[in-house]
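Notes follow the structure.
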Amino acid sequence: MIRVLLVDDQPLIRSGFRALLDLEEDIEVVAEAADGQQGLALAGEHLPDVALVDIRMPVLDGIEVTRRIAADPALARVHVVILTNYGLDEHVFNALRAGAAGFLVKDIEPEDFLHAVRVAARGDALLAPSITRRLIDRYVTQPPDTGTGIGLDELTNREREAVALVARGLSNDRIADLMVITPMTAKTHINRAMTKLQVRDRAQLVVLAYESGLVTPRTS
């Protein structure tokens, strides 16, 4: 059972998402919150698999909620998915840097929304190749910040290669094909890289790969 927390200050949005989720046999909405502070408290109380968090809320916004969840070891298994009306903007990018697993636009199709919840619950990033391309084009074309590359020298060559392919938005199966290894071995390389770089998930791995200069828009 996938346990979901809804955090949004708009009751109609929460009720609409809940109506969709309640129809699914493998998903359970464990709590709802109308602001970020309440959402953070409920995350600690219920330990959901997925927290769907509005990016703009009173008391605490979605970015700060994400940052605090990511910083709390007790909430390490909570995957934050940012909800936004605005598509890929600077606030969403900041949320990804803070530790969000991905983001959803609120006018998403119902089947895509349900699929995204299941993807996030598995620990995968909600960053399709087209979204990754837009992320690169809009926010990572500046020279890399050398301070963010700490730990990259600890990666093996194969781990670096796997991280570079993750940054292109590729799945484990596709990465395995390109590296001529099994999907399980590809996943192992990626997980080891995430551990060494101290990132929570693939979304942060993508951001770090471009910010550190491991890959660049020209080589993506």
Would you say that [X] contacts [Y] through its side chain, given a criterion of any heavy-atom pair below 4.5 Å between the two side chains?
X	Y	result
Glu32	Leu42	no
Met194	Val166	no
Glu24	Val117	no
Lys106	Asp54	yes
Asp72	Leu40	no
Ile63	Ile55	yes

Is there a donor-acceptor contact under 3.5 Å from the side chain of [X] to the main chain of [Y]?
X	Y	answer
Arg192	Glu159	no
Glu64	Leu60	no
Arg14	Asp8	yes

If you count heavy atoms of other groups shown closer than 6.0 angstrom to [atom1] of [X], is the number above 12?
X	atom1	answer
Glu111	CD	yes
Asn157	CG	no
Leu23	CG	yes
Arg77	CZ	no

Contact summary for [X] and [Y], nearest pair of heavy atoms:
X	Y	value
Gly62	Ile82	O-CD1, 4.0 Å
Val163	Ala193	CG2-CB, 3.5 Å
Arg3	Val30	NH1-CG1, 3.4 Å
Ala162	His189	CB-CB, 3.9 Å

message: Could you work out, with side chain to side chain donor-acceptor pair (under 3.5 Å) as the rule, every residue matching Arg158, not counting sequence neighbours?
response: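 Checked Arg158 against side chain to side chain donor-acceptor pair (under 3.5 Å); matches are Glu161.
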message: For Pro48, run the side-chain contact (heavy atoms from CB on, under 4.5 Å) check against Val7, Ile2, Val78, Val4 and tell me which one passes.
response: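 Only one option passes, and that is Val78.
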